[in-house]
Amino acid sequence: MTRKIDIFDTTLRDGEQSPGASMNTEEKLVVARQLLRLNVDVIEAGFPISSPGDFESVRRIAELAGDQAVVCGLTRAVEKDIDAAADALKYAKRPRIHTGLGVSPSHLRDKLRITEDECVERAVKCVKYAKKYVEDVQFYAEDAGRSDYDFLVRVIQAAVDAGATVVNIPDTTGYSLPEEFGRRIKYLVEGVRGIANVKIAVHCHNDLGMATALAMAGVKNGARQVECTINGLGERAGNTAMEEVVMAIRMHEDELDAHTDINTREFCKASRLVSSITGMNVQANKAIVGANAFAHSSGIHQDGVLKKRDTYEIIDPADVGAGASQIVLTARSGHAALKHRLEELGYELEGEALDQVYEAFLNLADKKKEVYDEDLESLINERDRNENA
Ligand code: KIV
Ligand code: ZN
């Protein structure tokens, strides 16, 4: 059996922090139900101290999830935040408090205005304080991606010694390169005493378009939890997209020695749901869930896919709930695609007859982005009229 990678969904917390993507409690509950259908391991339901609405969302999601998933609330390394999270998670069957603070030189110097020693002290204090309420405490080292390697080991060691069950290594600003981020995770695996008894999580942002690659580098180097969101929703350019990282792990399960327990057939439904609730559209060429993810429009590709799907598709669309591959008829389509579509519509054309319709098809396709079934019917009717004239 390969290593199990926990999927920690933060659509309802980090995803919701995306400008314009906020959700009310009822909307969050609808998304949470879909996260349970996906079978995520952890739902980060919100930041309870931030507003009464978010507190209520965490409380209701904790009730909803029962023992199906861990439900987690975010806090700063501040006692009143931790009190609020503990209160919101009071009825959770599997509660987790996610607490922590910045660890990079920029966060220490410019945001928190504390020394390294004070940072370590606060890390220990917040983990110990959260432990008074729950057994499962996740510590985050914000901006770990830009932190000093040895200082990061020191903070994480202190959090582990204080009782953290999961240590989250975020690339908060999406600054890292995948290879370097992977080295950082390895450095922790090798440098922190007792780390084998604790899960390392990776939490990556997409500022350089590499959030999924960064998470994969983390998995390759020993991370056992990936934090992600549906459609990659999240602050600025977003977070690691769940559908991308889960499918990447699945496609490379043997070489990574890793798997997840996600029900991938729910991905497209989840994507549409989050997009319609938040109003954040998904780009057509988005991996896995975009409208064009399984669509083929050039003649060479269409010919290949019609002969054998995997010549140009690495994933069976049914495996992610996307239905079937699509052959889109455009001016780049060839005879094979046209013939195939006409056959589906009940017209068997060969040789010269097919050539004639293909020529008319190309003339039309040059004037339009896509040729639809009704256009094909018109071309056939016109050809029949000309033949009978
Ligand atoms: O990006 C980040 O560092 C975060 C933490 C609060 C986990 O979202
Ligand atoms: Zn984040």
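Counting starts at 1 for both ligands and their atoms, in listed order. Count residues from 1 along the sequence.
Annotation: Glu180, atom CD; neighbour count of heavy atoms from other residues, nucleotides and ligands within 6.0 Å is above 12. No more than 12 heavy atoms of other residues, nucleotides or ligands lie within 6.0 Å of NZ in Lys128, so this atom counts as exposed by the packing criterion.
Per-residue contacts place Glu142 under 4.0 angstrom from the following atoms of ligand 1 (heavy atoms of the residue considered): 3 (O). Every atom of ligand 1 with a heavy atom of Asp14 under 4.0 Å away is listed here by number and element: 8 (O). Listed by number with element, the atoms of ligand 1 under 4.0 angstrom from any heavy atom of His205 are 1 (O). Within the listing of ligand 1, atoms 2 (C), 3 (O) sit less than 4.0 angstrom from a heavy atom of Pro170. For ligand 1, the atoms closer than 4.0 angstrom to any heavy atom of Thr172 are 1 (O), 2 (C), 3 (O). Below 4.0 Å from some heavy atom of Asn168 lie the following atoms of ligand 1, by number and element: 7 (C).
With hydrogens and angles disregarded, no donor-acceptor distance shorter than 3.5 Å links the side chain of Gln138 to the backbone of Val166.
Geometrically, ligand 1 and Asp143 share no nitrogen or oxygen pair separated by less than 3.5 Å. At under 3.5 Å, not a single nitrogen or oxygen of Tyr140, backbone or side chain, sits near a nitrogen or oxygen of ligand 1. Geometrically, ligand 1 and His98 share no nitrogen or oxygen pair separated by less than 3.5 Å.
No hydrogens or angles considered: a donor-acceptor pair under 3.5 Å links the side chains of Arg184 and Ser147. In this structure, a donor-acceptor pair under 3.5 Å is present between the side chains of Ser176 and Asp171. Checked by atom type, the side-chain pair Asp207/Thr173 shows no donor-acceptor distance below 3.5 Å.
For Asp14, the N, O or S atom closest to the Zn ion (ligand 2) goes by the atom name OD2.
Between Tyr149 and Tyr187, the angle of the ring planes goes over 60°, which puts this pair in the perpendicular group of the 30/60° scheme. Ring pair His203/His205 is tilted by interplanar angle, where 30° to 60° counts as tilted.
At a 4.0 Å heavy-atom cut-off, ligand 1 does not touch Glu235 at all. Residue His203 touches ligand 1 through its side chain alone, judged by heavy-atom distances below 4.0 Å.
Residue Glu16 forms a side-chain contact (heavy atoms from CB on, under 4.5 Å) with just one option from Glu27, Lys28, Glu44, and that option is Lys28.
Ligand 1 lies less than 4.0 angstrom from a heavy atom belonging to Arg13.
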